[in-house]
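Structure first, then comments.
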Amino acid sequence: MAANPNPLGQRLARLTREGDLYERLEKERVRCFACGHRCLIPPGQQGICKVRFNDGGVLQVPTGYVAALQLDPVEKKPFFHALPGAKALSFGMLGCDFHCSYCFVPGTEVTTSGGSRTIEALFASGDEVFGTERESVAVSVGVEVLTHKHRARRVKGVFRHQYEGPLMAIRPVSGPEIHTTPDHEFLVVARAARGSPAPNFFMPASGITPEFDLLEPRSDGTFWRRPLEETWVTTYRGPVYNLEVEEDHTYLVNGAAVHNCQNWLTSQALRDSAAVALPKEVTAAEIVRLAHEHGARILTSTYNEPLITSEWAVEVFRAAKGSGLVCSYVSNGNGTPEVLNYLRPHVSLYKVDLKSFRDRHYRDLGGTLETVLWTIRKLHEMGFWVEIVTLVIPGFNDSNEELSEIARFLVSVSPEIPWHVTAFHKDYKMQDPDDTPVRTLLRAAEIGAREGLAFVYVGNIPGAVGPWENTYCPGCRALLIERVGYRVLKNRVGAGTCPECGRSIPGFWGQKVESPAS
Ligand code: SF4
């Protein structure tokens, strides 16, 4: 692997070992299956998460450090049906597999109403440039570009920033290659559907293979198909560009229709040096010792996306085995069969963030809704104790329709899966939506209950949501666990039954999961 010029990158490259969750392919390429991206990684390159890399045909993965270590009540994870009031020692590494950056390298041709121009020439044609050397935007560009509807629409701004990380290279059967950040969405159609009507949809570059054709709009409202020869991951360091386009929010690069930039950013230490916590070297045995010293009963892999560092989590959980600690994952649910089988012997509790029921939102984040739904269903089938969290964001996922769809899906897995609807507080770089009003959360909770979920909780607004922080028996409505925020005031569940009517209450109350109804 080429030397990483960044001291943090050099340190992280040293804290690695050969991974378990991958296969070797010809020409020293590897396929990683630690998360739903299933990156095909050529030698010398990183996966989309940037923490796993191919060193001469061997996949190297993170080990032996933590970037964060913290003791919290288990309710903060949140698990409400697992050892109420217990302390959980949480550890995290660096990196994430969901992110969002919609950029192209210099030389990428954009179709304007006056012909083709490189993306950096569009930036240079702006009358005014704001920002810094690292990040800037050119406005008053005075150019219209063609959109996926074959309409000329004004460019509102051209953004340029410095980028270092994976790129997707896309080689069409004819025409120039396209080099783009992995999340950038292209309008595609499944190749198998040639000759028959099939839906066109936007797909992140990271998921595009020769199984799909890119689409170029024609003036009559139909599309040319642009078949692909090959796609692969490469890396890049230097300036990248993207556009924001009025109204249609799309433009054409090298003829192919793509979404314009999105500002939906997730916290990603490796992509934002301001957010980096320095890694601290530690052994698995030391983490386990710390957990016992601090009276923790639970170990949790969290903070970064734990799937991408599963080998390290399992190393820590193996060290914990036999010492009575319960092991858990707090994850985005972008799973694979291989990683879930790998985790099953070690992980008892699994929290999934179900961010939305709209695939386009997941695609904006670099994943797919289908994978997350599959993961939730599979986790339940495999006997993990599963709790689901939805951060309710005004204008993003708070419609009655979408909340009902989420609740109905969960009921279809099990009506007894706990669903936490939590408040969004303006945070990090996400500027647009407002904080979630209490009434929105109460509406979400009522929708969950109406759709048939037995355990719905409202989080992040302690003391203001009435009964929605407590657990009640679905049989006789007796109060079982009383909470304010993360504090347990009363716990009457005992070994997993209602003390009033004797009904079994699903959860992890001791050393094994009391299965929820399916
Ligand atoms: S963990 Fe996911 S994103 Fe990272 S290399 Fe593996 S498949 Fe790619």
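In each ligand, atom 1 is the first atom listed, and ligand 1 is the first ligand listed. If you read the sequence from its start, that first residue is 1, and numbering goes on from there.
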### Query
Salt-bridged, R52 to E311, with N to O below 4.0 Å?
yes
### Message
Could you tell me if D72 and Y486 have a donor-acceptor pair between their side chains, going purely by distance under 3.5 Å?
### Response
no
### Query
Can a donor-acceptor pair be found between the side chains of S310 and Y329 at a distance below 3.5 Å?
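Per modelled atom types, S310 and Y329 side chains form a pair under 3.5 Å.
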Which of the atoms of ligand 1 are close to [X], meaning less than 4.0 Å from one of its heavy atoms?
X	answer
R38	7 (S)
C49	1 (S), 3 (S), 4 (Fe), 5 (S)
A34	1 (S)
G47	5 (S)
I308	1 (S)
C32	1 (S), 5 (S), 6 (Fe), 7 (S)

### Query
Shortest non-hydrogen contact from F79 to E387?
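Smallest heavy-atom distance, with atoms named: CA-OE1, 3.5 Å.
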### Query
What part of Q46, side chain from CB on, backbone N/CA/C/O, both or neither, has a heavy atom under 4.0 Å from ligand 1?
neither
### Any donor-acceptor pair under 3.5 Å from N332 side chain to E305 backbone
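No, because the side chain of N332 does not come within donor-acceptor range (under 3.5 Å) of the backbone of E305.
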### Query
Residues in side-chain hydrogen bond (donor to acceptor under 3.5 Å, both in side chains) with R377, at least two apart?
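Only S412 meet the side-chain hydrogen bond (donor to acceptor under 3.5 Å, both in side chains) criterion with R377.
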### Query
Near atom 6 (Fe) of ligand 1, is there an N/O/S atom from H37 that is less than 2.8 Å away?
no
